[in-house]
Amino acid sequence: MRYLSTRNKQASFTGAEAILRGLSPDGGLLVPESIPTILPSTLKTLADMSYPERAGYIMSLFLDDFSRQELTEYAREAYSEAKFDNGEAAPLRQTGEREYFLELWHGPTSAFKDIALQMLPRLMSASLAKTGERRDACILVATSGDTGKAALEGFRDVPRVKIMVFYPRDGVSDVQKLQMTTQEGKNVGVCAVRGNFDDAQAGVKAIFADKTIARSLENRGYFLSSANSINWGRLVPQIAYYFSAYCDLMKSGAIKQGERINFCVPTGNFGNILAGWYAKEMGLPVNRLICASNRNRILEYFIRTGRYSRVRKFHTTISPSMDIVVSSNLERLLFTLSGGNDKLTGRLMKRRSKFDVAEDMAQSISQTFSSGSCNDEDTRRIIKRVFKEKNYLIDTHTAVAYGVYEKYKQETGDNAVNVILSTASPFKFCTSVLRANGRRNFGKNGLDAIKRLEKFSGVTAPAPLKALFGKPERFNKETEKQDMPRVVANFVGVANAE
Ligand SMILES: *Cc1c(COP(=O)(O)O)cnc(C)c1O
């Protein structure tokens, strides 16, 4: 299987090359040249497998320069009991008739990013060997909170890789900040940026585009790489849990084989829901993919109208991992739906203000996707009500999805089985969840808030979050955006001298 750039189809790469590069040199994203299909009988076979076996199978269809055995072995390590509560990467939880949550946050950093970022380091190490790459990887990440920690945890002490994470000083929750500043590992670096997420992201992009930096890294034996969701190696592990959820429903008798179900996905960069789209294209019986946004509702509008407007104002919300204006992964969808029109895709993505897609493209989008949004006030109300009525505690991102799912059901009367993707533990956003439940007192620090939420809800917080508070702070540096290149140079230089 080759991977093509969405902006120049002539550029093609193997799976291993795509994983190492992250992005095509022309700025395009890498997409599989064709989408493998799965027969209904294969779903039955998958249903009898463990999660790592299911993941290994699905990934092997896309990454044919890896063996299925090899991928299953990585999945066993990535989703082991040592990493995920009870060794369950993606358990379903029923909360109503034909209503389920897919809990994707049982991993080491309590957000769904772990599912991809426990796998990506293993794929990357193997890709270094498979391609004969001699340089080591220097991974740069700009994070609004969840990706940074999940990437640090995934790549810590991985040979031939160094990873540097930048986060906005004032844009992450107390727990998220502590997760990053106490990070262990010899090959990691963390630095706060004075500014918001956009500043951190712009700083990282500028480093990627800077030829001088690339050369000086090259001289030290490094190439730059990305662990953001533009990397295909992050997307492909996510396709597996859509299949896994379906298999579990089939196995429990909740659905008949071939019955079509809905997935409702809290969306930011469009990575998670795009994985669901690939699953559907492969033949998974999906009825609708429901795209849920917070107040940053550009995607809602796009799915309804076919018009993408980037000029909208950026809103800060209580679901920060979905605060995003430009959803990068949309590029993959546009490329594929336009029949692989690289010129068109490049042109659309480079537009600064807005673009409209052609009628037939808008139509095929609305045939699969539904959309909706939920503001902060409603999100809080939903957290409170779901806890009261179902005795089920959800985080702010998952609550946005639940709100959108309820509205969708009301508007359409659609009675298909619904799976809501639950993307973070409520304990990652303690203060917001406490406030939603009418609490006003959060204690002195993040640990107090965790304890208060435990006491209030009767739910135990994930152990890795509670363990944070005994850990020494390792990273307390701050930088201006324009000094980020120096931080990276120091990081690589110092790390090299070790
Ligand atoms: C990253 C994230 C999202 C958004 O996922 P995308 O793949 O960027 O659409 C939603 N919820 C949480 C908790 C996240 O960390």
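Just so we're clear, the structure is a prediction, and the values are computed from it rather than from any experiment. All heavy atoms count here, side chains included; hydrogens, waters and symmetry mates do not. As the structure lists them, so they are numbered: ligands from 1, and atoms in each ligand from 1.
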With respect to M322, determine whether any N or O atom, backbone or side chain, lies less than 3.5 Å from an N or O atom of ligand 1.
no
- Query: Based purely on interatomic distance, does T423 place a nitrogen or oxygen under 3.5 Å from a nitrogen or oxygen of ligand 1?
  - Reply: yes
In this structure, are over 12 heavy atoms from other groups packed under 6.0 Å from R7 atom CZ?
yes
- request: Hey, can you tell me if Y3 and W232 have their rings parallel, tilted or perpendicular (30° and 60° cut-offs)?
  value: tilted
Near K113 (heavy-atom distance under 4.0 Å), the atoms of ligand 1 are 1 (C), 2 (C), 3 (C), 14 (C), 15 (O)
- Query: Can you tell me if F112 has a non-hydrogen atom under 4.0 Å from ligand 1?
  - Reply: yes
Derivation of the ring pair (Phe, Tyr, Trp, His ring centres under 6.0 Å) call for Y167 and F475: CA-CA 12 Å; Y167 69 91; F475 302 101; over 10 Å; no
For A424, the ligand 1 atoms with a heavy-atom partner under 4.0 Å come out as 13 (C)
Per ring-ring contact (aromatic ring centres under 6.0 Å, His included), F84 is matched among Y241, Y79, F112 by Y79
Filtering N272, V400, T109 for the heavy atom nearest atom 7 (O) of ligand 1 leaves N272
Under 4.0 Å from one or more heavy atoms of P266, ligand 1 contributes atoms 4 (C), 10 (C)
- Item | CD (Q410) with more than 12 external heavy atoms under 6.0 Å | no
Among C291, G268, S327, the residue with a heavy atom nearest to atom 9 (O) of ligand 1 is G268
Fill in: Intermediate values then yes/no, ring pair (Phe, Tyr, Trp, His ring centres under 6.0 Å), Y402 and F101
CA-CA 9 Å; Y402 193 79; F101 284 85; 5.6 Å; yes
Ranking D323, N269, I324 by closest non-hydrogen atom to atom 6 (P) of ligand 1, top hit is N269
| query | F429 vs H397 aromatic rings, parallel, tilted or perpendicular, using cut-offs 30° and 60°? | reply | tilted
Numbered in order shown, the ligand 1 atoms found under 4.0 Å of a heavy atom of T267 are 9 (O)
- Query: When only distance counts, is F429 in polar contact with ligand 1, meaning an N/O pair under 3.5 Å?
  - Reply: no
Closest heavy-atom pair, L92 versus A245, reported as atoms and distance to 0.1 Å, is CD1-O, 3.7 Å
Practice problem: Flag yes if more than 12 heavy atoms outside R295 fall under 6.0 Å of its CZ atom; otherwise flag no. | Solution: no
Does the N or O separation between D146 and ligand 1 drop below 3.5 Å for any pair? yes
Near G271 (heavy-atom distance under 4.0 Å), the atoms of ligand 1 are 6 (P), 7 (O), 9 (O)
